[in-house]
Amino acid sequence: MRYERPTSLKQASALLAKEKGNAFVLAGGTDLLVRLRTGFVEPDLVVDIKHIASTRVIEAAAGGFKIGAAVPCAALGEHAKLKKAWPGVVEAANLIGSKQVQGRCTMAGNLCNASPAADSVPALVAAAAKAVIVGAKGKRTVPVEQVPVAPGKTSLKKGEIIESILLPKRPPRAGDAYLRFIPRTEMDIAVVGVAVSVTLDAKGVCKTARVSLGAVAPTVLLVPEAAQALIGTKMDKKALDALAAACSAACRPIDDKRGTREFRIKVAGVLARRAAQIARKRAGGK
Ligand SMILES: Cc1cc2nc3c(=O)[nH]c(=O)nc-3n(C[C@H](O)[C@H](O)[C@H](O)COP(=O)(O)OP(=O)(O)OC[C@H]3O[C@@H](n4cnc5c(N)ncnc54)[C@H](O)[C@@H]3O)c2cc1C
């Protein structure tokens, strides 16, 4: 196995594109190194992107934020402006593993690992985040929900790397939230994860909404019907009931040792209702 640590994305992408065997990007390594040590993957080439300066910074971009692909999740929680604008995204990233894991892991790695139960992904989808992807043919920007296509599989082509994640500008009276259910108090995989992002008008009526579910389908889901249940309402009981029903209806979960299908479907509705209430409060709603 060859280990490379290029200092530009162009070099990194060229190394990955040229490799004939199994090639992997290494960000925090909290997924890749575990899979390597347990023998699930046998890389011929590992390309560490942490020595590429642009992947290590959080910058203002188009009124929002550009988060480099190698920024560890712990750094997100220490960025006051980011935390204020996108508390739901930051709380999701800060639920990953433990403090030690958060010191290494990245949101781009969470996205590219393509686990249906990835914690930061529903929050990014609800936030309408985009991934900036660099490859041999240049740059392209795609909605984050288009990156994972199946458990463990992404839409990235050979040689492509996520350079950064873009979070859009926040208008006034906006709020987001992420909640997950796990059987233990921490260090566990989500049985269900729900993210809600809303904006309100001056009267407290929901103007826009995005709702996303994790761990209830092969990939994280964006649920437009759930958003429609909130838009145009004051997010009262009737709207929250409709939101919960739409979330439960969208679930296509499996049965496993962490939870049955029925349990996941029920919990998706319960968490959606709670996450929406937190998002509304953060948006300044009464
Ligand atoms: C003890 C422990 C607890 C955990 N708890 C949680 C949890 O609670 N919630 C959760 O969601 N996850 C959890 N995880 C999984 C893991 O920490 C996350 O998925 C993490 O976000 C992965 O980020 P990373 O930077 O470490 O990725 P890496 O391990 O570096 O990479 C993961 C995958 O993505 C690819 N990749 C990484 N970055 C890029 C990029 N920029 N462009 C293209 N491909 C890329 C890699 O090649 C690899 O296939 C846990 C892991 C451990 C070890």
Side-chain angles (χ1 to χ4, degrees), residues 30-31 73 76-77 86-98 101-102 105-129 143-145 147-152 154 165 167 175-198 209-227 230 240 243-279 282:
T30 60
D31 279 313
C73 289
L76 305 177
W86 291 103
V89 171
V90 173
E91 76 194 341
N94 286 173
L95 274 176
I96 296 177
S98 58
V101 172
Q102 287 154 27
C105 71
T106 63
M107 290 203 294
N110 202 216
L111 184 64
C112 293
N113 191 52
S115 160
D119 280 309
S120 71
V121 180
L124 288 173
V125 170
V144 287
E145 54 270 30
V147 175
V149 291
T154 70
I165 290 182
L167 284 169
D176 68 332
Y178 174 74
L179 291 175
R180 70 173 182 182
F181 177 86
I182 53 172
R184 307 193 305 178
T185 51
E186 58 183 300
M187 295 284 281
D188 208 341
I189 298 167
V191 175
V192 180
V194 181
V196 178
S197 176
V198 295
R210 282 174 69 95
V211 179
S212 174
L213 300 175
V216 293
T219 59
V220 167
L221 301 175
L222 177 65
V223 190
E225 305 77 26
L230 299 178
L240 294 177
L243 164 79
C247 285
S248 291
C251 294
R252 290 178 271 122
I254 52 164
D255 268 325
D256 69 9
K257 63 181 178 185
R258 293 172 186 284
T260 60
R261 260 187 101 252
E262 290 72 21
F263 180 74
R264 286 186 153 102
I265 290 170
K266 168 99 179 147
V267 172
V270 173
L271 290 187
R273 190 190 295 270
R274 291 182 193 168
Q277 284 169 310
I278 298 168
R282 287 177 176 167

Check whether any side-chain heavy atom of [X] sits under 4.5 Å from a side-chain heavy atom of [Y], and report yes or no.
X: Leu230; Y: Val196; value: yes
X: Val223; Y: Leu213; value: yes
X: Arg261; Y: Cys251; value: no
X: Leu124; Y: Met107; value: yes
X: Ile265; Y: Thr260; value: no
X: Thr219; Y: Pro116; value: no
X: Asp119; Y: Arg180; value: yes
X: Val191; Y: Phe263; value: yes

Using a 3.5 Å distance criterion without hydrogens, assess whether the side chain of [X] forms a donor-acceptor pair with backbone atoms of [Y].
X: Asp31; Y: Asn113; value: no
X: Gln102; Y: Ile96; value: yes
X: Asp176; Y: Val89; value: yes

Which atom of [X] lies closest to which atom of [Y], heavy atoms considered:
X: Leu167; Y: Ala127; answer: CD2-CB, 3.8 Å
X: Cys105; Y: Thr30; answer: CB-OG1, 3.5 Å
X: Ala226; Y: Leu243; answer: O-CD1, 3.5 Å
X: Ala123; Y: Gly88; answer: CB-O, 3.8 Å
X: Pro122; Y: Val220; answer: CA-CG1, 3.8 Å
X: Arg210; Y: Ala126; answer: CB-O, 3.2 Å

Rounded to the nearest 0.5 Å, what separates atom CH2 in Trp86 from atom OG in Ser197?
4.5 Å

Rounded to the nearest 0.5 angstrom, the SG-CD distance for Cys247 and Glu225 is 9.0 Å

Under 4.0 Å between a Lys/Arg side-chain N and an Asp/Glu carboxylate O for Asp256 and Arg264?
yes

Taking Glu91 first and then Arg282, would you say they form a salt bridge - that is, a charged N and a carboxylate O separated by under 4.0 Å?
yes

Taking atom types as modelled and ignoring hydrogens, do the side chains of Ser120 and Asn110 form a donor-acceptor contact shorter than 3.5 angstrom?
yes

Evaluate side chain to side chain contact (heavy atoms under 4.5 Å, CB included) for Ile189 paired with Arg258, printing each intermediate quantity in order.
CA-CA 9 Å; Ile189 298 167; Arg258 293 172 186 284; 3.9 Å; yes

Which of Val194, Leu271, Leu95, Val90 passes side-chain contact (heavy atoms from CB on, under 4.5 Å) with Tyr178? It is Leu95

Stepwise side chain to side chain contact (heavy atoms under 4.5 Å, CB included) test for Leu240 and Gln277:
CA-CA 9 Å; Leu240 294 177; Gln277 284 169 310; 3.7 Å; yes

